[in-house]
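Notes follow the structure.
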Amino acid sequence: MPDFTNSEIAARFEELGDLYELDGAIVHRVVAYRNAAKAVRDASTSVAALTRAGRVTELSGIGATLETKLQALLEQGDIPQAVALREKFPAGLLEMTRLPGLGPKRARRLYEELGVDSLETLATAARQGRIQDLRGFGARAEAKLLEAVERAVADDEEGAGAGSGRVVLDRARGIGEQIVATLREHPAAVRVELAGSARRWADSVKDLDVVAASEDPEALIDAFKQLDQIEVVGSSGEAGARARTHSGMSVDLKVVAPDQFGSLLQHFTGNKQHNVALREAAVKRGLHVSEYGILDDATGETLRCATEDDVYKALGYAYIEPELREGRGELHAAALNGGGGLPRLITLADLKGELHCHTTASDGKDEIEDMAYAALELGYEYLAITDHSATHGFGNEVSPERLEEQIERIHAANRAIDGIELLAGSEVNILPDGSPDYSDELLAKLDWAIASVHTSFAMDERAMTERIVAAVEHPYIDAIGHLTGRKIETRPPYAVDVERVIEACARTGTMLEINGSTNRRDLNDVHARAAAEAGVWIIVTTDSHRVATLSTTRPYGIATARRAWLTAEQVANTRPWAEFAALRKRAHGR
DNA sequence: GCCGTTTTCGGCCCGACTGTTTTCAGTCG
């Protein structure tokens, strides 16, 4: 039986948590399953393998009971308790609980009292007016349920295959920044910031959180509700409102007085695990943290925090950058007495060279010189031109003969343009057998080669891992590009044992790329952190196919690096050219 | 169901909004 991937295991735990919730389990037990699911999804190594090795309880959130359930899943292909609960509750019932406003308690009552067991039978019952007579329901609840079903069905038909409803970060930030910019112009606005997962630079975003400080919240909330971007206002109160944009994103606005803004920003930046851990630690010291301030049991007074720094300081922590607030050990590190300290995170300004871009020689839109001048303007000291290689699939093929010519062109441009080192490079395809698609002799003529998988994604994990490790061991392959091939929200990673590839890179001195392309961000944050901890050199690139993305894509690669806790020292292309040149595998002849 | 520099048992963040209620449960983030 093929092993379960981490995301498959996480889905099983989520399902079981949902089933237990329907079954009336206490909330903490349900939360334990959801926390475990997140721990599994965030794990940098195979949870199936960890389970077999008897080490899975090393993951925070997995205890003896879940270990037993994991063993059952791996040995029998399913978890017995899940099998039993699926018998008890029809699949349509779980689907019903995913409707906004309908939770497990009321869904179960609809099932038991009306026999409603799917979106379809729910819609029928609502249309027949059978729901409004139930105790605790009413005519409005019935109408809202019908509306929710109809919307879910419409969304499903519209976005066939789209699934999660999450939006890739660059698009979400585009919408969010527009809203923030407009609100900032309002006379009642003192501060307006984007919060939530968009501020943490997550891969994708479910909805936008906007927080504001104002002496006149009502005026600002009114202005928000009338923004051009807003299609419909959902709920609204004295402290904020929720609305949906024409682009279909849900946006929350919250407003407090300026002297509470730090607490609000901290609260709505999250993530949930970070905030819960922060608050639990505070409770042990008699402090209660909310978005309005910090209540001290001893004095009965609430400390108002104008800045996030005030919040963290009052609780005994150093300031924690938003990208680190994922509940991955950042609070322990940030503790002012006894914490190990937080890393000094890499910034945009640290990057000294770009190592992955394309020109018209393959599928890029601009010429070598255009890219060179753009990189120079960004302050880069070096730029590697890395067009796709000889095997087909990417517009122009760069045959070996054409690569020889391209190397000459790059060298000529390098002589002609002052102030930047232009490197003759290639993004070499890793063929299914693990070999590159240029000869060693040709690869040796390059200054830099980054190798990536672009074909035959469907190999099994063992074969794919061997394929990539073979490339890692090649003497003229300096780095591996976009290791897992995932496209955020559209294509899952291919099956590859990232841990083994990291080990091979550490052994051979091969670098691993964080491809900053906004729909890739591959390595992801978890893998990049594991690679750097294993001593692998990381490079942060844009994979630009045109001049514009050399600058616009950079923040996304850097954000992933920051989410991976990386310092400038751990990223090779923060080094000046002479130092970087010496780090390349081809330079030290391994 | 997890977890432990006050606990191996007894805790487990905090508040807003909605709709149905005569004081609150359910849902959400």
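Note that the structure is predicted; figures quoted are calculated from it, not measured. Chain letters run A, B, ... following the sequence lines, proteins first, then strands; residues in each count from 1.
Residues that satisfy the salt bridge (Lys or Arg N to Asp or Glu O under 4.0 Å) test with A/E321, not counting sequence neighbours, are A/R562.
The glycosidic torsion of B/dT7 lies within 90° of 0, placing the base in the syn range.
Between the P atoms of B/dT18 and B/dC12, the separation comes to 29 Å (whole Å). Across B/dG19 and B/dT23, the matching C1' atoms stand 14 Å from one another, rounded to whole Å. With both ends at atom C1', the span from B/dC3 to B/dT8 equals 9 Å, rounded to whole Å. If you take atom C1' in B/dT20 and the same atom in B/dG26, they sit 11 Å apart, rounded to whole Å. Taking atom C1' on both B/dC17 and B/dT21, the two are 15 Å apart, rounded to the nearest angstrom. For B/dC13 and B/dG4, the P atoms lie 15 Å apart once the distance is rounded to whole Å. Separating the C1' atom of B/dT7 from that of B/dG11 is a span of 9 Å, rounded to the nearest Å.
Taking the ring centre of A/F4 as origin, the terminal cationic atom of A/R12 falls outside the region bounded by 6.0 Å and 45° from the ring axis.
Here B/dG1 presents its P atom at 8 Å from CG of A/L16, a figure rounded to the nearest Å. Atom P of nucleotide B/dC13 and atom CG of A/L278 are separated by 12 Å, given to the nearest angstrom. Rounded to an integer number of Å, the gap from A/N271 CG to B/dC14 P is 17 Å. Summarising the geometry, the separation between CG on A/L287 and C1' on B/dC14 is reported as 14 Å, rounded to the nearest angstrom. The CG-C1' distance, from A/L264 to B/dG15, rounds to 12 Å in whole Å. Rounded to an integer number of Å, the gap from A/K69 NZ to B/dC2 C1' is 13 Å. In this structure, NE2 of A/H288 is placed 9 Å from P of B/dG15, rounded to the nearest angstrom. Between the P atom of B/dG15 and the CD atom of A/Q260 lies a distance of 12 Å, rounded to the nearest Å.
A salt bridge links A/E150 with A/R127; the closest basic N to acidic carboxylate O contact falls under 4.0 Å. Salt bridge annotation for A/R199-A/D209: absent, with no cationic side-chain nitrogen under 4.0 angstrom from a carboxylate oxygen. The pair A/R86-A/E15 meets the salt-bridge criterion, with a side-chain N (NZ, NE, NH1 or NH2) lying under 4.0 Å from an Asp/Glu carboxylate O. Taking a cutoff of 4.0 Å between a charged side-chain nitrogen and a carboxylate oxygen, A/R184 and A/E193 qualify as a salt bridge.
Applying a 4.0 Å cut-off to non-hydrogen atoms, the residues of residues 134-145 of chain A that approach DNA chain B are A/G136, A/F137, A/G138, A/A139, A/R140, A/A141, A/K144, listed by residue number. Within residues 17-51 of chain A, the residues approached by DNA chain B to less than 4.0 Å at the level of any non-hydrogen atom are A/Y20, A/I26, A/H28, A/R29, A/A32, A/Y33, in residue-number order.
Judged by distance alone, with hydrogens and angles left aside, the side-chain atoms of A/E95 form no donor-acceptor pair with the main-chain N or O of A/A91 at under 3.5 Å. Side chain of A/R521 to backbone of A/A202: a donor-acceptor contact under 3.5 angstrom is found. Between the side chain of A/T307 and the backbone N or O of A/D310 there is at least one donor-acceptor pair closer than 3.5 Å.
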### Task
Quick one: do A/L278 and A/Y317 satisfy side chain to side chain contact (heavy atoms under 4.5 Å, CB included)? Show the steps, please.
CA-CA 10 Å; A/L278 185 77; A/Y317 300 102; 3.6 Å; yes
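Closest to the A/K254 side chain, of the nucleotides B/dC14, B/dC2, B/dA16, is B/dA16.
The only option from A/R41, A/R166, A/R486, A/R520 that meets the salt bridge (Lys or Arg N to Asp or Glu O under 4.0 Å) definition with A/D203 turns out to be A/R486.
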Can you name the atoms? Protein N/O to nucleotides 27-29 of chain B N/O, anything below 3.5 Å, with the distance.
unit_1	atom_1	unit_2	atom_2	d
B/dT27	OP1	A/G103	N	2.8
B/dT27	OP1	A/G103	O	3.1
B/dT27	OP1	A/R106	N	3.1
B/dT27	OP2	A/K105	N	3.3
B/dT27	O5'	A/G103	N	3.4
B/dC28	OP1	A/L99	O	3.4
B/dC28	OP1	A/G101	N	2.9

Name the pairs: protein N/O against N/O of nucleotides 5-10 of chain B, kept only if under 3.5 Å.
none

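In this pair, A/Y312 and A/Y319 present their aromatic rings perpendicular. The plane angle is above 60°, beyond the 30 to 60° band.
When both distances must be under 3.5 Å, the Watson-Crick or G-U wobble mate of B/dT8 does not exist.
Using a 4.5 Å heavy-atom threshold, the side chains of A/H274 and A/I320 count as touching.
The two residues A/A195 and A/L265 come nearest to each other via the heavy atoms CB-CD1, 4.2 Å.
For the salt bridge (Lys or Arg N to Asp or Glu O under 4.0 Å) condition, the pairs that include at least one residue of residues 275-304 of chain A, sequence neighbours left out, are A/D259-A/R304.
Judged by closest nucleotide on DNA chain B, A/S290 is the one of A/S236 and A/S290 placed further toward the 5' end.
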